[in-house]
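One is the number of the first residue; the rest follow in order along the sequence. Atom set for the values below is all heavy atoms of this structure, side chains included, hydrogens, waters and symmetry mates excluded.
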Amino acid sequence: MFTKQGPTVRELAVQALSSTERGYDLLAPKFDETPYRTPDRVLDAVTRAVRELGPFDTGLDVCCGTGAGVGVLRQLCRERAVGVDFSAGMLAEARGAFPPGSEGPAVHWVRADARSLPFAPAFDLALSFGAFGHFLPAERFGLFAEVYGSLRPGGQFVFPLGAPPPVGSRAYWSLFGFDAAMRVRNALWRPRFVMYYRTFRLGDVLEDLTQAGFVVRLLPLTELGLRPDGSPRARLVVATRVGQDVSAGS
């Protein structure tokens, strides 16, 4: 699964026994050489779908990691793209990938916890890739409310969401096994490392987005493939802010 330039088994073990933040600080220099980085084909599909929803002036990448989502925002936003993450190591890698003076909209990096975003309603677009497994279900509404409070009225929060694997399939048991192992690890070891694959279910996500004040629709990302029943393997969740003052603090 990993290239020769990626982390060793020992490095992954040390990461897995660290806190979520410290684990990503350690993994950051080699993160883009792992399967955990969002594939380019997903980034490209989302870019094409979101372009049809614009135009956008300012964009926010929530839990930006090494900056893959900021690369998407730089193709979609005319003025400014901001990446926010709580890992100093990941932000350092992101800064290196987008040095000052690069062509395109201005890029800024902010170290902060996504559960307490330090932004006024300033963004036309927010997106996120591959980060939601780091939030427990009880934290999801608060996260969505923080994003809502960072968007201007009419602003849109978008992210891809894959269809769950068929029950009993190899992928199903792989994700089930990973989550079970993570629960055992967190029950026996501190600090916790929060990463679960099966806690971000579509119905629950739509309910929490709606309660946070968003109006939500789903767009099929058909270029990422179809399931045997003809349904898309992935959808783009498009959550639009309406009104003025619904936020985490209201």
Side-chain angles (χ1 to χ4, degrees), residues 18-28 31 36-38 43 46 50 58-73 77 80-95 98 107-152 155-161 182 186 191-197 199-201 204-214 216 236-241 246-250:
S18 303
S19 67
T20 313
E21 179 180 351
R22 177 59 178 160
Y24 274 98
D25 285 346
L26 294 171
L27 182 61
F31 179 81
Y36 305 132
R37 182 188 185 276
T38 303
L43 299 173
V46 170
V50 176
T58 56
L60 176 66
D61 182 4
V62 181
C63 304
C64 65
T66 56
V70 169
V72 172
L73 292 175
C77 298
R80 181 166 61 110
V82 176
V84 61
D85 203 283
F86 75 162
S87 167
M90 298 293 268
L91 287 172
E93 295 299 314
R95 288 190 184 96
F98 298 94
V107 175
H108 303 279
W109 307 100
V110 176
R111 186 181 180 193
D113 191 322
R115 294 167 294 189
S116 184
L117 292 173
F119 306 114
F123 298 97
D124 304 311
L125 175 65
L127 50 72
S128 192
F129 292 96
F132 296 122
H134 296 304
F135 299 92
L136 298 173
E139 300 172 318
R140 190 169 48 231
F141 166 79
L143 169 66
F144 292 163
E146 288 292 317
V147 176
Y148 186 101
S150 302
L151 290 169
R152 296 176 177 136
Q156 298 176 82
F157 178 32
V158 304
F159 52 87
L161 185 60
M182 187 61 68
N186 286 331
R192 294 186 305 173
F193 188 94
V194 177
M195 179 64 228
Y196 298 105
Y197 284 104
T199 58
F200 202 72
R201 298 183 177 91
D204 299 331
V205 170
L206 297 180
E207 180 178 354
D208 285 342
L209 285 167
T210 301
Q211 290 185 358
F214 287 104
V216 189
L236 184 71
V237 178
V238 181
T240 302
R241 171 173 177 162
V246 176
S247 68
S250 62

Exercise: identify the closest heavy-atom pair between P121 and R152: O-CG, 3.6 Å

Over all atoms of both residues, closest heavy-atom pair of A212 and Y148: O-CD1, 3.5 Å

Donor-acceptor contact present, side-chain R111 to main-chain F86, <3.5 Å: yes

Parallel, tilted or perpendicular, as decided by the 30° and 60° cut-offs, for the rings of F193 and Y24: parallel

Pair L151-F214, side-chain contact (heavy atoms from CB on, under 4.5 Å): steps then yes or no: CA-CA 11 Å; L151 290 169; F214 287 104; 3.8 Å; yes

Pairwise side-chain contact, V237 with L209, heavy-atom cut-off 4.5 Å (strictly under): yes

Exercise: identify the closest heavy-atom pair between L73 and G59: CD1-C, 3.6 Å

Intermediate values then yes/no, side-chain contact (heavy atoms from CB on, under 4.5 Å), N186 and Y196: CA-CA 11 Å; N186 286 331; Y196 298 105; 2.9 Å; yes

Check: R192 and L136 side chains under 4.5 Å, non-hydrogen atoms: yes

For the student: nearest non-hydrogen atoms of G69 and D61, plus distance: CA-OD2, 3.2 Å

E146 side-chain N/O to L117 backbone N/O, donor-acceptor pair under 3.5 Å: yes

Cationic N near anionic O, under 4.0 Å, E207 to R140: no

Taking every non-hydrogen atom, the tightest pair across V147 and A126: CG1-CB, 3.9 Å

Check: D124 main-chain N/O paired with T58 side-chain donor or acceptor under 3.5 Å: yes

Donor-acceptor under 3.5 Å (T66 side chain, E93 main chain): no

Main-chain N/O of G89 paired to D25 side chain as donor or acceptor, under 3.5 Å: yes

pair D85-C63: side-chain heavy atoms closer than 4.5 Å: yes

Backbone of P191 reached by a side-chain donor or acceptor of S19 within 3.5 Å: no

Residue that, paired with C64, satisfies side chain to side chain contact (heavy atoms under 4.5 Å, CB included) out of L91, V110, L127: L91

Parallel, tilted or perpendicular, as decided by the 30° and 60° cut-offs, for the rings of F135 and F132: tilted

S18 side chain reached by L26 side chain, heavy atoms, under 4.5 Å: yes

Test item: F157 and L60 side chains (from C-beta on) under 4.5 Å apart, heavy atoms: no

